[in-house]
Amino acid sequence: MKAVEKNFCAIKILVCGIGSDEYNRISACETAKKIWEAQQTAHEGTTQVKQSKTDMVTTEYELFRMKDGESIQDMHTRFTSIINVLHSLGEIIPRNKLVRKILSILPSCWESKVNTITEAKDL
């Protein structure tokens, strides 16, 4: 009886937190676990889809370059967006690698600043 009550409460919580379109997707699910799995697959995708997204965004990170005429702020915003997507997919890149990546893509007019930063011991 306790398990049935807990399942009912969990279903109620899950259903209260979704919109009508999503409700139609999960309305046939009989348990909270099945609802949760359906939502997880819909929003995160299967393991293969998640791995594919991770590979795609990792490639985007690796090929990241500063665009001609782009400000440092705009470049940093684009870079941060990529890092945030990787983080949400479970890929954590150490801070020192992120700093090195940014330093490696700066244009030559930033060379003296890059050298100064690179020579610092606490990169």
Side-chain angles (χ1 to χ4, degrees):
M1 193 63 164
K2 284 271 189 196
V4 172
E5 286 177 16
K6 286 183 180 181
N7 185 55
F8 179 74
C9 285
I11 289 173
K12 189 175 177 181
I13 290 169
L14 290 169
V15 170
C16 286
I18 62 174
S20 59
D21 291 340
E22 292 186 30
Y23 179 78
N24 292 334
R25 181 178 32 245
I26 57 100
S27 62
C29 297
E30 296 176 4
T31 64
K33 185 177 190 303
K34 291 198 185 279
I35 292 172
W36 182 259
E37 290 169 348
Q39 288 294 86
Q40 190 172 23
T41 300
H43 291 279
E44 293 180 8
T46 62
T47 304
Q48 290 175 328
V49 170
K50 187 175 180 183
Q51 186 59 50
S52 177
K53 285 180 186 176
T54 302
D55 292 345
M56 213 168 50
V57 179
T58 299
T59 300
E60 189 177 351
Y61 165 79
E62 291 169 353
L63 298 175
F64 186 84
R65 296 287 175 259
M66 187 172 181
K67 295 177 182 177
D68 290 336
E70 183 177 35
S71 71
I72 293 293
Q73 192 166 13
D74 290 343
M75 182 268 305
H76 184 264
T77 300
R78 282 191 315 113
F79 187 74
T80 303
S81 294
I82 293 169
I83 299 310
N84 288 342
V85 171
L86 283 171
H87 186 75
S88 72
L89 292 168
E91 293 292 317
I92 310 300
I93 300 173
R95 189 170 187 81
N96 63 341
K97 284 189 177 184
L98 296 174
V99 171
R100 285 192 181 107
K101 178 69 174 175
I102 290 284
L103 293 176
S104 71
I105 63 171
L106 289 172
S108 58
C109 63
W110 285 78
E111 188 175 345
S112 63
K113 293 173 183 80
V114 169
N115 290 338
T116 303
I117 293 169
T118 305
E119 291 169 5
K121 291 184 180 190
D122 59 337
L123 200 184

*OG1 of T59 to CD1 of I82: how many Å apart, nearest 0.5 Å?*
11.0 Å
_Within residues 64-73 or reaching into it, pairs that qualify as side chain to side chain donor-acceptor pair (under 3.5 Å) - sequence neighbours excluded_ = E70-R78, S71-D74
_Please evaluate residues I18 and Q39 with respect to the criterion side-chain contact (heavy atoms from CB on, under 4.5 Å), reporting the C-alpha separation (whole Å), side-chain torsions for both, the decisive distance (0.1 Å), and the verdict._
CA-CA 10 Å; I18 62 174; Q39 288 294 86; 3.4 Å; yes
_Those residues that, when tested against E91, pass side chain to side chain donor-acceptor pair (under 3.5 Å) (two or more places apart)_ = none
*ring pair (Phe, Tyr, Trp, His ring centres under 6.0 Å) pairs, two or more places apart, involving residues 9-38*: none
_Any residue meeting side chain to side chain donor-acceptor pair (under 3.5 Å) with N7, in chain and number order, not counting sequence neighbours_ = none
*What about I11 and F8, same hydrophobic cluster or not, with Ile/Leu/Val/Met/Phe/Trp/Tyr joined at side-chain heavy-atom distances under 4.5 Å?*
no
_Once rounded to the nearest 0.5 Å, what's the spacing between atom OG of S27 and atom CD1 of I35?_
9.0 Å
*With the side chain counted from C-beta on, respond yes when T41 and V49 share a heavy-atom pair under 4.5 Å apart, and no when they do not.*
no
_L89 CG to Q51 CD distance, which is reported to the nearest 0.5 Å_ = 9.5 Å
_Residue pairs, two or more places apart or on separate chains, that pass ring pair (Phe, Tyr, Trp, His ring centres under 6.0 Å) and touch residues 52-74_ = Y61-F79, F64-F79
*Quick one: CG on L98 to OG1 on T80, what's the gap to the nearest 0.5 Å?*
9.0 Å
_Test side chain to side chain donor-acceptor pair (under 3.5 Å) applied to E60 - qualifying residues, sequence neighbours left out_ = none
*Any chance you could measure T31, atom OG1, to L14, atom CG, to the nearest 0.5 Å?*
10.0 Å
*With rounding to the nearest 0.5 Å, note down the distance linking CD1 in I26 to CG in D21.*
12.0 Å
*Taking the side chain as every heavy atom from C-beta outward, state whether M75 and L106 have any pair of such atoms under 4.5 Å apart.*
yes
